[in-house]
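Report on the following structure.
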Protein chains: 2
Amino acid sequence: MFIETEGRFVTGDTPKSPRKRQARGRKRMAELLDAAAEVFAERGFTGATTNAIAARAGASPGTLYQFFENKEAIAESLMARYVERLREAHGAAFAPEVAKLPLDRMLDRVIDPLIAFDRAHPAFYALLADPDLSPELAGAKRPAQRVMFERIDAILEARAPDLPPAKRALTAQVAVHLFRGLLPLVMDATDDLPEVTAELKRALHAYLAPAIGEGPPE
Amino acid sequence: MFIETEGRFVTGDTPKSPRKRQARGRKRMAELLDAAAEVFAERGFTGATTNAIAARAGASPGTLYQFFENKEAIAESLMARYVERLREAHGAAFAPEVAKLPLDRMLDRVIDPLIAFDRAHPAFYALLADPDLSPELAGAKRPAQRVMFERIDAILEARAPDLPPAKRALTAQVAVHLFRGLLPLVMDATDDLPEVTAELKRALHAYLAPAIGEGPPE
DNA sequence: TTTAAATGCGAGCAACTGCTCGCGTTTTCA
DNA sequence: TGAAAACGCGAGCAGTTGCTCGCATTTAAA
């Protein structure tokens, strides 16, 4: 029926019978993903070694490959986990009511949790920012990009219903990239995080205000 | 006295005697850098193979390593070359007079050549965007970042002399990152390049206008 | 012309890395 | 309880990659 961890279908091939994971096995997978997050955050995707990930999790390479087809699959699973956590943790930031807030309030509600998430999960940022894996891991990155894009697009639709969809999509994409452009500053910030955050909001506010207005739509 | 291609000094060690390059040798170096630019653009830094670079230049690995200490040095030389070209080609975009233009004109003068340069030199973008090499190649990336930062900072100083230096530096850095954030869209754009460019300018205009005003300082 | 330095080659080394395979242990389930 | 399945190990394979080394050729200087 289905395959765990994004199993892929090969032409003319029935999907491999899904392996029945025991509680112990699922725990190991989680541990391996935790370890992978650490190593990816430290060395990036290409710099990370599957042996190192296994060792970090206190497991052997053989064990790792019992749960993940290959290195790429590890990153994919990790990204899937992040996307899931992002949805559940910050779906509230994009609740319908948010679209009715004044622009500055809205930005607070959207930006603050996102920054907190990125800073709490450096591997998420490392994988997203790494262009090496674009061809192979595009499939893993895309959902994460989608999450942000779609929700911002939805907010824009609520705020500026008259904006043509193409223009709205462009605006949403630009907004996402503006945010991501400042992420390096946000990630490196220490004492000056509040200032950098304020500047990020200022930039987004300035860009979005002409398109959707300062206040809520009447 | 000095060492070619960013020779480094090791503690308690006299710099290696600089090698006297012949015209033939300098030409080979240029060819190798051209080849490196192609391969870096196609595969990124880690994905690029020194053997592939040598082959692309019609040279052997041994020849390559006669001119470059190691793979990292290739990227460093290439970045140095780009920084030099950037300075000479677009120094005009940052001429003193530019600071006296209205903001939108100023952005045209600064942004258009930068976009043209980035699109003409994909390896430049590939190396700048690649986070893998951050630790090792930070030294090679920094000058490139500096070029943009310092000049924008200079413009800001001319336009808003009353802005505290710390605040001005932050604004300049944010502006650079906003630009870089939209670079992926700019690089991938085909038909819609004009729209993306316009959006980039819109964003920068909106962010900078409050700080330095629409028109030239009186 | 002589000679030392610069250029050039390419087989191949040493190290690394993703991943496998054989085998032993633990858990599930009938 | 017994077998099948899941879990676990780690030595090590196969492939890759940055880089070297011995040697040949070309060029610059004396």
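Please read these numbers as outputs of a predicted model, since none were measured by experiment. Lettering of chains follows the sequences in order, A, B, ..., and the numbering in each one begins at 1. No hydrogens, no waters, no symmetry mates; every other heavy atom, side chains included, goes into these values.
Residues B:Y207 and A:E199 form a side-chain contact, since some pair of their non-hydrogen atoms from C-beta on lies under 4.5 Å apart. By the 4.5 Å heavy-atom criterion applied to side chains, B:V196 and A:V174 are not counted as neighbours.
Of the side-chain N and O atoms in A:T50, none sit less than 4.0 angstrom from OP1 or OP2 of C:dC19. The phosphate of C:dT7 (OP1 or OP2) has a side-chain N or O of B:R21 nearer than 4.0 angstrom. OP1 or OP2 of D:dC7 has not a single side-chain nitrogen or oxygen of A:T63 nearer than 4.0 Å.
Side-chain proximity of B:R19 to the nucleotides D:dG10, D:dG18, C:dA6 is greatest for C:dA6. For A:P61, whose side chain is taken as the heavy atoms from C-beta onward, the closest listed nucleotide among C:dG18, D:dA11, C:dG8 is D:dA11. When each of D:dG8, C:dT7, D:dG18 is scored by its nearest atom to the side-chain atoms of B:Q22, the top-ranked nucleotide is C:dT7. Minimum atom distance to the side chain of A:Y65 is reached by C:dC19, of the listed C:dG8, D:dG18, C:dC19. Distance from the side chain of A:K71 is smallest for C:dC19 among the nucleotides C:dT7, C:dC19, D:dC19.
Going from atom NZ of A:K27 over to atom P of C:dT27 covers 12 Å, rounded to whole Å. Atom CD in B:E69 sits roughly 14 Å away from atom C1' in D:dT20 (whole-Å rounding). Atom CD in B:Q66 sits about 14 Å away from atom C1' in C:dG10, given to the nearest Å. Taking atom CZ on B:R24 and atom P on D:dT26, their separation rounds to 9 Å, with Å as the unit. Here the P atom of nucleotide D:dT27 and the CZ atom of B:R26 are 14 Å apart, to the nearest Å. Here D:dT27 presents its C1' atom at 15 Å from CZ of B:R28, a figure rounded to the nearest Å. For the pair B:N70 CG and D:dT20 C1', the interatomic distance rounds to 13 Å; values are reported in whole Å. If you take CZ of B:F67 and P of C:dA6, they are 11 Å apart, rounded to a whole angstrom.
Between the side chain of A:H177 and the main chain of A:Q173, a donor-acceptor pair closer than 3.5 Å is present. Side chain of B:T63 to main chain of B:A59: no donor-acceptor pair is present (N/O by atom type, distance under 3.5 Å, no hydrogens or angles).
Residue contacts shown for B:A48 are limited to sugar-phosphate atoms, with no base heavy atom under 4.0 Å away. Residue-level contact check: A:G25 touches the backbone only, with heavy atoms under 4.0 Å from sugar-phosphate atoms and none from bases.
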Report the C-alpha distance between B:Q145 and B:R180 in whole Å, list the side-chain angles of each, state the deciding distance to 0.1 Å, and finish with yes or no for side-chain hydrogen bond (donor to acceptor under 3.5 Å, both in side chains).
-> CA-CA 10 Å; B:Q145 315 258 37; B:R180 285 194 38 185; 2.7 Å; yes
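Residue-to-nucleotide contacts include no donor-acceptor pair under 3.5 Å from the side chain of A:N51 to the base of C:dC16.
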